[in-house]
Colleague: 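Okay, handing you the structure first.
Here is how names work: the chains are called A, B, and so on, in the same order as the sequence lines, proteins then strands, and each is numbered from 1.
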Protein chains: 2
Amino acid sequence: MGISERKEREKEEMKKLIIDTATRLFIEQGFDKTSMRSIAEAMEYSPATIYLYFKDKSELFDAIHRQGFKVFFEYLSQVNTIEDPMERLNQLGIQYLTFAIENPGYYDLMLIMREPMSTQRNEESWDQGDTSHKILTTTVEECVSKGHFRGNDPAVVSFMIWSQVHGICSMMIRDRMKFYPEEQREELMFAAKKVFMDMVRSF
Amino acid sequence: MGISERKEREKEEMKKLIIDTATRLFIEQGFDKTSMRSIAEAMEYSPATIYLYFKDKSELFDAIHRQGFKVFFEYLSQVNTIEDPMERLNQLGIQYLTFAIENPGYYDLMLIMREPMSTQRNEESWDQGDTSHKILTTTVEECVSKGHFRGNDPAVVSFMIWSQVHGICSMMIRDRMKFYPEEQREELMFAAKKVFMDMVRSF
DNA sequence: AATTTTACTGAACGCTGTTTAGTAAAATTA
DNA sequence: TAATTTTACTAAACAGCGTTCAGTAAAATT
């Protein structure tokens, strides 16, 4: 049955073409301006074709969403070899900020935008969110067991830390840093994170 | 010229009717579902009428935006009488979180959504953002002059603090707290803020 | 060679923000 | 009071959106 296998391959290639085209436009011009019609036009297909491969726009962008998480995990996994949990936490923060700075489109889609939620999608993006969350909480728990955080609930501490770095990234990505000259913003992000970590360490 | 004065009054009333109707729908059903047509229908006017009073949707929502900031300042001004800057900072955080919890629609519009920016609008919303920013930095500067924050740059510290509370609120408003049961989320927000303030105070 | 299945599209539906030409009533002028 | 101008408003349209569906030409199967 060579034919059905080739067809299967072609189907996957078409899916990839759609995702790649959509990702390119999305990174280039943002979510709002990336319409199904514009994706189709860039692919030189009819808009209706996309719907043969993805149920709707939400499902298509969920594929991009998932890919973003893959990239995200590559950043986070850089810290795996660090023994000291507190230093690992520190580097985790740096990787987090770096991901947001280098992939603002992904960050926005993955962690700021409101998701239209379709049951299937939520399952998986939950998993990915859950994994990220576990990476953090595990590290925090290690820190607590080494005597840090004065015995505060690791869940609370994790949420605080995540909120801190997410807050910093959100400010940057949604343009709430106009108080500071553009060329100093990235520096400020890391400076704020550093003061935060200094506080954490001396707590 | 009683007539032109009456007309002026009527114009203001019409503007108010539009803003109030738009705000109601916006709070009830969110930004995306609040179309110009739905606002017009709720007012029992034609959609085109709204455009006689507001240049476009962005200008209309800027009016709501401004009103949101007024409410916001009411929350923040509760702390004015507190002498000790560190305790004022603490209460400022509580007021911030409370505003976000009690007015999630406003918070989203004012501090999370991307603004389509029309020159005029930016001027004013800048002013309001600037005022909020000054309230924070002034307090932080007082703290520093009382020996807190180990001589770190008040601008950096302010940005860190704002990011922390903004991060907490963003997580809640954009539904990134699914790791925690719904009835514990508000508690967790304040718990995280408390740990943060404990760190700040002992720094 | 005839039939079925596949991959795709043109055109439409109902929605959006926005513009424009036209109208009836109100205000002003004569 | 009658004629004219100004005001306040709307119906209808434009171009865009996500999405659906009937139809079609080519490919695969019988």
Side-chain angles (χ1 to χ4, degrees), chain A residues 1-19 21-22 25-26 28-65 109 113-118 120-121, chain B residues 1-19 21-22 25-26 28-65 109 113-118 120-121:
Chain A
M1 281 290 109
I3 289 176
S4 67
E5 280 161 23
R6 194 203 71 223
K7 293 223 165 177
E8 190 58 39
R9 235 184 301 127
E10 283 173 350
K11 227 169 198 167
E12 286 309 309
E13 273 165 29
M14 188 60 154
K15 254 191 143 161
K16 192 176 177 314
L17 173 63
I18 295 169
I19 292 175
T21 308
L25 294 184
F26 163 66
E28 275 171 24
Q29 3 175 327
F31 184 85
D32 283 353
K33 287 188 178 167
T34 308
S35 64
M36 296 301 263
R37 282 174 161 89
S38 70
I39 297 166
E41 195 182 3
M43 291 170 54
E44 299 180 292
Y45 278 83
S46 135
T49 302
I50 299 176
Y51 288 87
L52 301 173
Y53 296 86
F54 295 92
K55 192 175 122 280
D56 53 25
K57 195 185 184 185
S58 151
E59 196 175 288
L60 169 55
F61 271 80
D62 183 46
I64 299 177
H65 190 275
L109 181 66
M113 280 183 194
R114 199 168 249 115
E115 344 195 12
M117 79 170 65
S118 71
Q120 165 75 9
R121 202 263 318 296
Chain B
M1 282 292 110
I3 288 175
S4 66
E5 280 161 23
R6 192 203 72 223
K7 292 221 165 179
E8 190 58 39
R9 235 184 302 127
E10 283 172 351
K11 227 170 198 166
E12 286 309 309
E13 273 165 27
M14 188 60 154
K15 257 191 141 160
K16 191 174 177 314
L17 173 64
I18 296 169
I19 292 175
T21 308
L25 294 184
F26 163 66
E28 275 171 24
Q29 3 175 324
F31 184 84
D32 282 354
K33 288 188 178 168
T34 307
S35 65
M36 296 301 264
R37 282 174 163 87
S38 67
I39 297 165
E41 195 182 0
M43 291 169 53
E44 299 182 291
Y45 277 82
S46 134
T49 302
I50 299 176
Y51 288 87
L52 300 173
Y53 296 86
F54 295 93
K55 192 175 122 281
D56 52 26
K57 195 186 184 184
S58 150
E59 197 176 287
L60 169 54
F61 271 80
D62 184 47
I64 299 177
H65 191 276
L109 182 66
M113 280 183 193
R114 199 168 250 115
E115 346 194 12
M117 80 169 65
S118 71
Q120 164 76 11
R121 200 266 315 295

Colleague: Under 4.5 Å between any side-chain heavy atoms of A/Glu10 and A/Met14, yes or no?
Modeller: no
Colleague: Counting only side-chain nitrogens and oxygens, does B/Ser35 get under 4.0 Å of the OP1 or OP2 atom of C/dT16?
Modeller: yes
Colleague: Could you check how far CD of B/Glu44 sits from C1' of D/dA8, rounded to whole Å?
Modeller: 17 Å
Colleague: Whenever both distances are under 3.5 Å in a Watson-Crick or G-U wobble pair, mark it; put DNA chain C into dot-bracket that way, with [ ] for crossing pairs and | when the partner is on another strand.
Modeller: ||||||||||||||||||||||||||||||
Colleague: Measure CD/B/Glu59 against C1'/C/dG17 and give the value in whole Å, please.
Modeller: 14 Å
Colleague: CD of B/Glu10 versus P of C/dA26: gap in Å, rounded?
Modeller: 11 Å
Colleague: Closer than 4.0 angstrom, basic N to acidic O: yes or no for A/Arg9 and A/Glu5?
Modeller: no
Colleague: Any idea which of D/dG18, D/dA28, C/dT18 is nearest the A/Arg6 side chain?
Modeller: D/dA28
Colleague: Rounded to the nearest angstrom, tell me the gap between atom CE in A/Met14 and atom P in C/dC8.
Modeller: 4 Å
Colleague: In whole Å, what is the span from the CD atom of B/Glu8 to the C1' atom of D/dA8?
Modeller: 14 Å
Colleague: Over how many whole Å does the gap from A/Ile18 atom CD1 to C/dC8 atom C1' extend?
Modeller: 12 Å
Colleague: Rounded to whole angstroms, how far apart are CD1 on A/Ile39 and P on D/dG16?
Modeller: 17 Å
Colleague: Kindly indicate whether the side chain of A/Glu8, heavy atoms from C-beta on, has any atom under 4.5 Å from the side chain of A/Glu12.
Modeller: yes
Colleague: For the side chain of B/Asp62 and the backbone of B/His65, is there at least one donor-acceptor N/O pair under 3.5 Å apart?
Modeller: no
Colleague: Is there, by distance only and without an angle test, a donor paired with an acceptor across the side chain of A/Arg37 and the base of D/dG18 below 3.5 Å?
Modeller: yes
Colleague: Could you tell me the separation between the CZ atom of A/Phe26 and the CG atom of A/Leu109, rounded to the nearest 0.5 Å?
Modeller: 4.0 Å
Colleague: Could you work out which one of D/dT19, C/dT18, C/dA7 sits closest to the side chain of B/Asp56?
Modeller: C/dT18
Colleague: Set out, line by line, the N/O atom pairs under 3.5 Å between protein and nucleotides 4-6 of chain C.
Modeller:
none

Colleague: Would a 4.5 Å heavy-atom cut-off, applied to side chains only, mark B/Phe61 and B/Met113 as touching?
Modeller: no
Colleague: To the nearest angstrom, how far is A/Asp32 atom CG from D/dG18 atom C1'?
Modeller: 14 Å
Colleague: Give a yes or no on whether the backbone of B/Gly30 and the side-chain of B/Thr34 come within a donor-acceptor separation of less than 3.5 Å.
Modeller: yes
Colleague: Identify which nucleotide among C/dT9, D/dC9, D/dG18 has an atom closest to any side-chain atom of B/Tyr45, counting heavy atoms from C-beta outward.
Modeller: D/dC9
Colleague: Step through the shown structure and confirm whether more than 12 heavy atoms of other residues, nucleotides or ligands are within 6.0 Å of CD on A/Glu44.
Modeller: no
Colleague: Any non-hydrogen side-chain atom of B/Leu60 less than 4.5 Å from a side-chain atom of B/Met36?
Modeller: yes
Colleague: Find out whether A/Thr49 and A/Met43 are in side-chain contact, i.e. whether some heavy atom of one side chain is under 4.5 Å from a heavy atom of the other.
Modeller: no
Colleague: Can the positive tip of B/Lys15 be found less than 6.0 Å from the middle of the six-membered ring of B/Phe54, inside 45° of the ring normal?
Modeller: yes
Colleague: Are B/Arg37 and B/Glu41 close enough for a salt bridge, meaning some N to O gap below 4.0 Å?
Modeller: no
Colleague: Got a sec? Which of residues 47-54 of chain B come in under 4.0 Å of DNA chain D, heavy atoms?
Modeller: B/Ala48, B/Thr49, B/Leu52, B/Tyr53
